[in-house]
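Beneath this line is the structure, given in structure tokens, with notes to follow.
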Amino acid sequence: MRAIHIVTTRLSSSFIRPVLLDFVSCSPLRQFSTPRRFICAASKVNGGSRSGSIVAPLVVNEEFQNIDVNPPKGTRDFPPEDMRLRNWLFNHFKEVSRLFGYEEVDFPVLETEALFIRKAGEEIRDQLYCFEDRGNRRVALRPELTPSLARLVIQKGKSVSLPLKWFAVGQCWRYERMTRGRRREHYQWNMDIIGVPEVTAEAELISSIVTFFKRIGITASDVGFKVSSLKVLQEFFKKYGVPEDLFGRVCIIIDKIEKIPIDEIKKELGFTGISDDAIEQLLQVFSVKSLDDLEDILGGVGEAIADLKQLFSLAEKFGYSEWIQFDASVVRGLAYYTGIVFEGFDREGKLRAICGGGRYDRLLSTYGGDDIPACGFGFGDAVIVELLKEKDLLPELGQEVENIVCALDKDLQGAATTIATALKDKGQTVDLVLESKPLKWVFKRAARVNARRPVLVGKLVRSVSRFCLQVSNFKSNLMTWSSSI
Ligand code: HAM
């Protein structure tokens, strides 16, 4: 049975004490000491800166200027309705991470620029929001979380025991060309495993993303993962005698295969000094879509193929085989990956990568730490929202508050405040109306904020027995002013 809470008052000489009663049992839930003269009933209802630079002190004109009320290009405000969606998404990110036993971490949004400067000519480096701070230090807004995570692992050193399973949700900044789902700032959900060299780590990471997709209603027919290994490229380099130090540069070029014409790719590969013959062979390798064909080209089962076979076998055990497929063209656009790499894509091909990650066994040592095996992924908040819109899967999220408390008379504001405080002390959410308002206004507001219980504080001006009314426009719920107390 639905419990209706009624707040009423008991007469004494000059004061009354309002009592919050359970309507079903009529037992007092809480006593208040507040001035007399109110009766109240409740029922359940169904329901930025332009760029990343520190500027010189602002010169204020004598005259006022109209400011641009839009956020800086590529950035977003989060008014309540967008914040509800963001929280919904982040809660799923966090709940899935915890489900898999990962611990949450965070890092500063501002890091030293050096942390993000790598030699391979990555796009991300050209997109850096960087500047000199007032202490003449080169700093940057983080474009991703992985370097900060590596820095923290090195800093913690031997004080942490491996393996680490960490997750983070944080804002990243990239001065990127704006396309659907790509912005100048975005939030990224990351899960990383530090200290596990086996493919079991990659397999678990992909499983956690699949778990997330399933929770929000995305299926294997909507989304898939393209999987490959950078060891394919390493084996190719060995076979064709290509110098190892070209590895990062070649990966960055190959990553553009689906974005720029193939002649451009060939030209860029030519600039690295690789022979025309090796370029043709290389492009053949990256067009391969089956492990068997790759085995033929590479001439046997090397480490790359063995790892990938193990991943596909583990995918069966985890139960997500239908989500993953081999695709040699996935190399990722970041220079630090060393082994298996993967990217989540929408099967209709309308959007850019939904998420991406892989193994980066040498990143820590490039920062001066020990060689510790590591892998992880980043999952942005923007593309997934576009996908949910496409699939009509966006949740309807209204404001949620349990009680709306309103004084119907100005001098009962204190009593309403006391009741609201008592409800909050009991752990209930309360929207306290801060002025006295007529009933009609309160009903409208209650419907707008989805208050489950309006608690109205009013003067007993007529005999209570004549004060019964039913309110039916409250999304078919009943609100009763009761004289039964
Ligand atoms: P990433 O592929 O550069 O990888 O980014 C990961 C994801 O972040 C993308 O798949 C996309 O969802 C989102 N993303 C990236 N750039 C933007 C943007 N400009 N606007 C909106 N969303 C964006 C990394 O960042 C790696 N650090 C991931 C990782 C973690 N690897 C290992 N651990």
Side-chain angles (χ1 to χ4, degrees), residues 52 73-76 86 89 93 97 102 105 107 111 115-116 118 120 122-129 141-153 164-194 196 201-202 204-206 208-209 212-213 218 223-227 230 251-252 255-256 258-259 330-346 351-364 372-388:
K73 190 170 178 205
T75 70
R76 296 164 291 178
R86 179 172 128 181
L89 196 63
F93 289 159
S97 306
Y102 287 59
V105 290
F107 326 98
E111 290 273 14
L115 194 65
F116 305 111
R118 291 180 288 265
E122 299 163 328
E123 211 179 18
I124 201 172
R125 196 180 122 183
D126 304 329
Q127 296 169 344
L128 215 53
Y129 276 88
L141 295 179
R142 64 184 179 196
E144 55 164 337
L145 305 178
T146 315
S148 304
L149 179 135
R151 179 181 59 64
L152 184 59
V153 173
L164 300 172
K165 289 185 173 187
W166 282 357
F167 79 93
V169 180
Q171 196 180 32
C172 300
W173 292 80
R174 298 182 186 184
Y175 195 88
E176 190 155 356
R177 201 170 58 83
M178 305 263 296
T179 53
R180 192 172 174 201
R182 281 290 184 275
R183 332 191 45 85
R184 302 235 161 117
E185 56 70 31
H186 69 282
Y187 284 84
Q188 240 188 55
W189 167 39
N190 279 223
M191 282 175 76
D192 290 88
I193 302 173
I194 313 291
V196 177
E202 286 94 323
E204 178 175 278
L205 290 167
I206 297 175
S208 60
I209 309 176
F212 166 80
F213 280 137
I218 301 279
V223 160
F225 291 90
K226 291 177 185 169
V227 180
L230 291 185
C251 284
I252 306 296
D255 185 51
K256 298 181 205 161
E258 285 180 2
K259 297 171 203 151
V330 178
V331 287
R332 309 279 294 129
L334 295 161
Y336 48 69
Y337 292 110
T338 52
I340 284 183
V341 280
F342 52 88
E343 260 174 20
F345 69 99
D346 76 297
L351 304 165
R352 286 188 55 180
I354 305 169
C355 58
R359 179 162 288 282
Y360 50 99
D361 285 351
R362 286 196 287 274
L363 182 62
L364 277 86
I372 304 176
C375 60
F377 69 81
F379 190 120
D381 66 335
V383 184
I384 186 65
V385 169
E386 292 302 318
L387 184 69
L388 289 169

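Note that the coordinates shown come from a computational prediction; the quantities given were computed from them, not determined experimentally. First listed ligand is number 1; within each ligand, the first listed atom is number 1.
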Charged tip of R86 within 45° of Y187 ring normal and under 6.0 Å: yes
So, for F167 and Y102, is the gap between ring centers shorter than 6.0 Å? no
Residue-ligand contact M191/ligand 1, heavy atom below 4.0 Å: no
Could you list the atoms of ligand 1 found under 4.0 angstrom from a heavy atom of G181? 20 (N), 21 (C), 22 (N)
In ligand 1, the atoms that come under 4.0 Å of a heavy atom of E144 are 24 (C), 25 (O), 26 (C), 27 (N)
Would you say ligand 1 has an N or O under 3.5 Å from any N or O of I354? yes
Nearest-neighbour protein heavy atom for atom 10 (O) of ligand 1, which is reported as residue plus atom name and distance: C355 CA, 3.2 Å
Is it the case that ligand 1 has an N or O less than 3.5 angstrom from some N or O of Q188? yes
When only distance counts, is G378 in polar contact with ligand 1, meaning an N/O pair under 3.5 Å? no
Kindly indicate whether the side chain of I252, heavy atoms from C-beta on, has any atom under 4.5 Å from the side chain of R332. no
Identity and separation of the nearest protein heavy atom to atom 14 (N) of ligand 1: H186 NE2, 3.3 Å
Ion pair E343/K226, N-O distance below 4.0 Å: no
Within-4.5 Å side-chain heavy-atom neighbours: W166 and N190: no
Starting from the C-alpha separation in whole Å, work towards a yes-or-no answer on salt bridge (Lys or Arg N to Asp or Glu O under 4.0 Å) for D126 and R174. CA-CA 9 Å; D126 304 329; R174 298 182 186 184; over 6 Å; no
Sub-3.5 Å N/O-N/O distance, E185 and ligand 1: no
Under a 4.0 Å heavy-atom limit, does Y336 contact ligand 1 with its side chain, its backbone, both, or neither? side chain
Please confirm whether F342 approaches ligand 1 to less than 4.0 Å, judged on its heavy atoms. no
Which of the numbered atoms in ligand 1 are below 4.0 angstrom from a heavy atom of D192? 30 (C), 32 (C), 33 (N)
